[in-house]
Amino acid sequence: MYKVVIWGTGQTYHHYINMGKLQEIIKKIRGCIADNEHLYDYLDGYSYIESKQLNVKEYDYVIVATRKYFMEVVKEAQQLGFDREQIIPIKVFAMPCFDFEKYIQLLHSHISIFSNFSTF
């Protein structure tokens, strides 16, 4: 079982939080990080954590729930001690038939995939 924290609680968070497969790992999420507006102690049952109070050793992965500030969050998470492999964009949960365990295995396999697929 992985210990996961969600970083970001804005529009992207609300867009992806109810993805079906995300519900399968919801029990693994330990909290949400939102430094900009710490108005509540909890959001959707997750406790708020300020990034400066985050103990990196307590978490296996960070799910980044912001598009606009993705690179800034990655940089800050890395400064706190997270490896780049531990930082996951929340949009991966929208992939068809997404399986968190298989995604983690693929992430750690360091395999490269080349495709001629173009988006519309």
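Numbers for residues simply follow the sequence, beginning at 1.
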Parallel, tilted or perpendicular, as decided by the 30° and 60° cut-offs, for the rings of F93 and F100: parallel
[atom1]-[atom2] distance between [X] and [Y], expressed to the nearest 0.5 angstrom:
X: L54; Y: E76; atom1: CG; atom2: CD; value: 9.5 Å
X: N55; Y: K57; atom1: CG; atom2: NZ; value: 7.0 Å
X: R67; Y: Y13; atom1: CZ; atom2: OH; value: 15.5 Å
X: D99; Y: I104; atom1: CG; atom2: CD1; value: 10.0 Å

How close do [X] and [Y] get, heavy atom to heavy atom, and via which atoms?
X: A77; Y: W7; result: CB-CZ3, 3.8 Å
X: Y59; Y: Q86; result: O-NE2, 3.8 Å
X: A65; Y: I6; result: CB-CG2, 3.7 Å

F70 atom CZ, over 12 foreign heavy atoms within 6.0 Å: yes
Q11 atom CD: more than 12 heavy-atom contacts under 6.0 Å: no
Side chain to side chain, V64 and T12, heavy atoms closer than 4.5 Å: no
I90 reachable from Y48 in the ILVMFWY side-chain graph, under 4.5 Å edges: yes
In one Ile/Leu/Val/Met/Phe/Trp/Tyr side-chain cluster, 4.5 Å: Y69, L80: no
Donor-acceptor pair, side chain of R84 and main chain of I87, under 3.5 angstrom: yes
